[in-house]
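Okay, so here's the structure we're looking at.
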Amino acid sequence: MMISMTAAALLIAGVLASCPLRVANHGGEDRSWLSAAVVGSQLLPASLQQSAEPVLGFQNGQPQPLLIVDLPSSTAAAPIRVEVHTALAFSRMEAAARRFGLSLQVNSGFRTQEQQQEVFALYRKGRGPLAARPGFSNHQSGHALDLDMQSPRVRSWLFRNAHRYGFQRTVPSERWHWEFRGDLRKLLGQPDPLQPRNS
Ligand SMILES: [Zn+2]
């Protein structure tokens, strides 16, 4: 059954409002984010809106509320969860790549604190790739996506075009790790759905 746009927005607001940790840590700043999210979530494409879920992310060790959505994946068993701004930018980039007959795949998007603890533990044991300390990964702030770079055509297309969609490589030793650092308003040609209009 389809959830209406307003119902989805109210659901998001309800979950955020009922989370005492966020309110305690962020005070008024969170409330403006919350009302912007309620208004803004109605501007999201229906496909993303239905899976929108507020979560606790981290940036520079500080908890922060994020809205994440599911990106469909043809290779992973479950959808990949991605922060909504990054997801909107990636969707634009993916559509452009598709016009060249290329398929972009996300291997890792948003990570919870528990998931980052797991990948960090593997890295420390020498059994996984470089991973940031829990709380300090941009997979937790929502900016980072690990993309499948096995195809030489995909690699070369991304190196030439990803910057147009606001994606940059930020870890030289990890060519699969990209971060969204762009201006979503320019990319979408409309106001950022999740920012207050007067800022
Ligand atoms: Zn990464």
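Residue numbers count from 1 along this sequence. Computed from a prediction, not measured in an experiment: that's the story for all the values here.
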Does atom CZ of F136 have more than 12 heavy-atom neighbours, drawn from other residues, nucleotides or ligands, at distances under 6.0 Å?
yes
Side chain of E94, backbone of S103: donor and acceptor closer than 3.5 Å?
no
Keeping the roles fixed (side chain from R169, backbone from P172), state whether a donor-acceptor pair exists under 3.5 Å.
yes
Is a side-chain N or O of H177 found less than 3.5 angstrom from the main chain of D146, in a donor-acceptor match?
no
Which atom names give the shortest non-hydrogen contact between G109 and H139, and what distance separates them?
O-ND1, 2.8 Å
Is it the case that the side chain of S141 and the backbone of Q59 share a donor-acceptor pair, with hydrogens and angles ignored and the cut-off at 3.5 Å?
no
Is a donor on one side and an acceptor on the other found under 3.5 Å between the side chain of E174 and the backbone of V171?
no
Between the main-chain N or O of G135 and the side-chain N or O of Q113, is there a donor-acceptor pair closer than 3.5 Å?
yes
Between V106 and L145, which heavy-atom pair has the shortest distance, and what is it?
CG1-CD2, 4.0 Å
Short question: side chain of H143, backbone of N138 - any donor-acceptor pair under 3.5 Å?
no
Testing the basics here: between F110 and V55, what is the closest heavy-atom pair and its distance to 0.1 Å?
CZ-CG2, 3.7 Å
Would you please classify the geometry between the F167 ring and the F90 ring as parallel, tilted or perpendicular, with 30° and 60° separating the classes?
perpendicular
Measuring only between side-chain heavy atoms, which start at C-beta, is P129 closer than 4.5 Å to V119?
no
